[in-house]
Amino acid sequence: MVKAEAVHKSFGLIEVLKGIDLEVQQGEVFCLVGPSGSGKSTFLRCINHLEKINAGRLYVDGQLVGYRQKGDKLYELKEREVADQRKDIGMVFQRFNLFPHMTALQNVMEAPMQVKGESKANARERAAKLLERVGLGDRKGNYPAQLSGGQQQRVAIARALAMDPKLMLFDEPTSALDPELVGEVLDVMRDLAESGMTMVVVTHEMGFAREVGDSLVFMDGGVVVESGHPRDVLSNPQHDRTKAFLANVL
Ligand code: ADP
Ligand code: MG
């Protein structure tokens, strides 16, 4: 579902991704962990067209992200083609980024109506189902300010799901939450994983990675330091940098 080959990304003179190679299989929960500043968010943003890579190849579902290849030349996709690739990818951020002037239901209805041209009735019915799925069936009419952080993040997940994505990206979805609200969001993510969704999850929640993750990559300084099954990497890290990081988060 995702394939990165020697992905490089710089901001000005600073190289943030220094050749990332990895593969995410369909239906997999792929956990990306590493210290702050290691390039995790940048990598997710590249997958979701929020940043452009400088070198290497990045594929989602077999399609080159943002480019078309002819021979060995690459051509940038047009805006409409980029939008077309993006609509299959859902992203959930640390900050929930809900539209403050819209109810939970309206937040979830918005993208299918605006991007996919779905009818209002259809969008409303699907949004209601999605809110029920994330345990917020009784909160449809609430505005973000009337919801807890955990509830807002569950609305954000429902909103991403409303586009019927084939890939979901999570960038530290529980890092901004009070500790007692983390569990309800992880439970929703666990359900989603069980439904077969392909998920790339940047997280410091090692319990989640161990129980739900199928693969884990430890990144540091813009490179993949080690990877494997979460249980193996977490209980038997091979590299000093991984050991040091885990000693701090576990
Ligand atoms: P992580 O998510 O692992 O904490 P990031 O991908 O956010 O790491 O950041 C990696 C590095 O890239 C950091 O040093 C950060 O300052 C830098 N960086 C990220 N985005 C930008 C940007 N838009 N412009 C310049 N530097 C950036
Ligand atoms: Mg980050």
Side-chain angles (χ1 to χ4, degrees), residues 2-24 29-60 65-66 76 82 86 89-98 149-150 152-153 156-157 160 167-179 181-182 185-186 189 198-210 212-213 215-228 230 233-234 237 239-250:
V2 180
K3 188 171 186 187
E5 296 174 347
V7 166
H8 288 257
K9 172 67 187 172
S10 301
F11 295 106
L13 294 174
I14 301 169
E15 193 174 42
V16 171
L17 300 178
K18 302 174 182 168
I20 300 289
D21 291 285
L22 56 80
E23 266 186 62
V24 180
V29 176
F30 187 96
C31 298
L32 199 52
V33 306
S36 178
S38 55
K40 308 180 299 293
S41 295
T42 301
F43 184 67
L44 286 193
R45 292 169 61 82
C46 289
I47 296 176
N48 200 22
H49 304 263
L50 296 169
E51 304 287 355
K52 272 203 157 84
I53 68 174
N54 301 114
R57 295 279 190 277
L58 186 56
Y59 302 87
V60 170
V65 175
E76 282 192 16
V82 168
R86 283 198 73 190
I89 304 173
M91 187 153 176
V92 176
F93 301 88
Q94 183 172 345
R95 293 266 157 214
F96 333 116
N97 303 323
L98 296 176
Q152 288 182 59
Q153 193 60 306
I157 294 172
L167 172 66
M168 283 283 284
L169 309 175
F170 291 88
D171 194 356
E172 301 199 35
T174 59
S175 295
L177 298 177
D178 291 334
L181 303 178
V182 168
V185 173
L186 293 180
M189 291 169 63
T198 311
M199 299 162 59
V200 181
V201 184
V202 174
T203 186
H204 296 297
E205 295 290 336
M206 296 305 148
F208 177 85
R210 184 187 293 267
V212 184
S215 304
L216 185 144
V217 157
F218 174 71
M219 254 175 90
D220 193 7
V223 299
V224 170
V225 175
E226 66 180 294
S227 58
V233 181
L234 295 176
H239 291 262
D240 288 344
R241 281 194 281 176
T242 320
K243 289 176 192 168
F245 174 76
L246 292 177
N248 277 321
V249 294
L250 289 177

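Remember, it's 1-based here, ligands and their atoms both numbered in the order they're listed. Values reported hereafter were calculated over all heavy atoms of this structure, with side chains retained and with hydrogens, waters and symmetry mates removed. Just so it is clear, the model here is predicted, and its values are computed rather than measured.
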Lys/Arg cation over aromatic Phe245: Lys243, 6.0 Å, 45° cone:
no
Does Gly34 have a non-hydrogen atom less than 4.0 Å from ligand 1?
no
For Asp171 and Ser41, which I'm curious about, is there any donor-acceptor pair between the side chains at under 3.5 Å?
yes
Below 4.0 angstrom, N of the basic side chain to O of the carboxylate: do Lys52 and Glu76 qualify?
yes
Could you tell me which non-hydrogen atom of Glu15 sits nearest to which non-hydrogen atom of Lys18, and how far apart they are?
O-CE, 3.3 Å
For atom 8 (O) of ligand 1, what is the closest protein heavy atom, and at what distance to 0.1 Å?
Gly39 N, 3.2 Å
Kindly confirm whether the Mg ion (ligand 2) is within less than 2.8 Å of some N/O/S atom in Ser41?
yes
Checking contacts now, so for atom 3 (O) of ligand 1, which I'm interested in, is there any protein heavy atom under 4.0 Å?
yes
Short side-chain to backbone donor-acceptor contact, Lys40 and Gly34, under 3.5 Å
yes
Atoms in ligand 1 flagged as close to Ser36, the criterion being non-hydrogen separation under 4.0 Å:
4 (O)
Starting from atom 23 (N) of ligand 1, locate the nearest protein heavy atom and write down its residue, its atom name and how far away it is, to 0.1 Å.
Phe11 CE2, 3.5 Å
Ion pair Glu51/Arg45, N-O distance below 4.0 Å
yes
Close approach of Pro35 to ligand 1, heavy atoms, under 4.0 angstrom
yes
For Ser38, the ligand 1 atoms with a heavy-atom partner under 4.0 Å come out as 1 (P), 3 (O), 8 (O)
Consider only side-chain N and O atoms of Gln94 and Ser175, and report whether a donor and an acceptor are under 3.5 Å apart.
no
Please state which protein non-hydrogen atom is closest to atom 12 (O) of ligand 1 and give its distance, to 0.1 Å?
Val16 CG2, 3.1 Å
Which residue and atom name correspond to the protein heavy atom nearest atom 7 (O) of ligand 1, and how close is it?
Ser41 CB, 3.7 Å
Short side-chain to backbone donor-acceptor contact, Asp21 and Ala6, under 3.5 Å
yes
Main chain of Gly12, side chain of Ser10: is a donor-acceptor contact present, judged purely on distance under 3.5 Å?
no
Where is the nearest protein heavy atom to atom 9 (O) of ligand 1: which residue, which atom, and how far?
Thr42 OG1, 3.9 Å
In the protein, what heavy atom is nearest to atom 1 (P) of ligand 1, and what distance, to one decimal place, separates them?
Gly37 N, 3.5 Å
Mark whether atom 15 (C) of ligand 1 lies under 4.0 angstrom from at least one protein heavy atom.
no
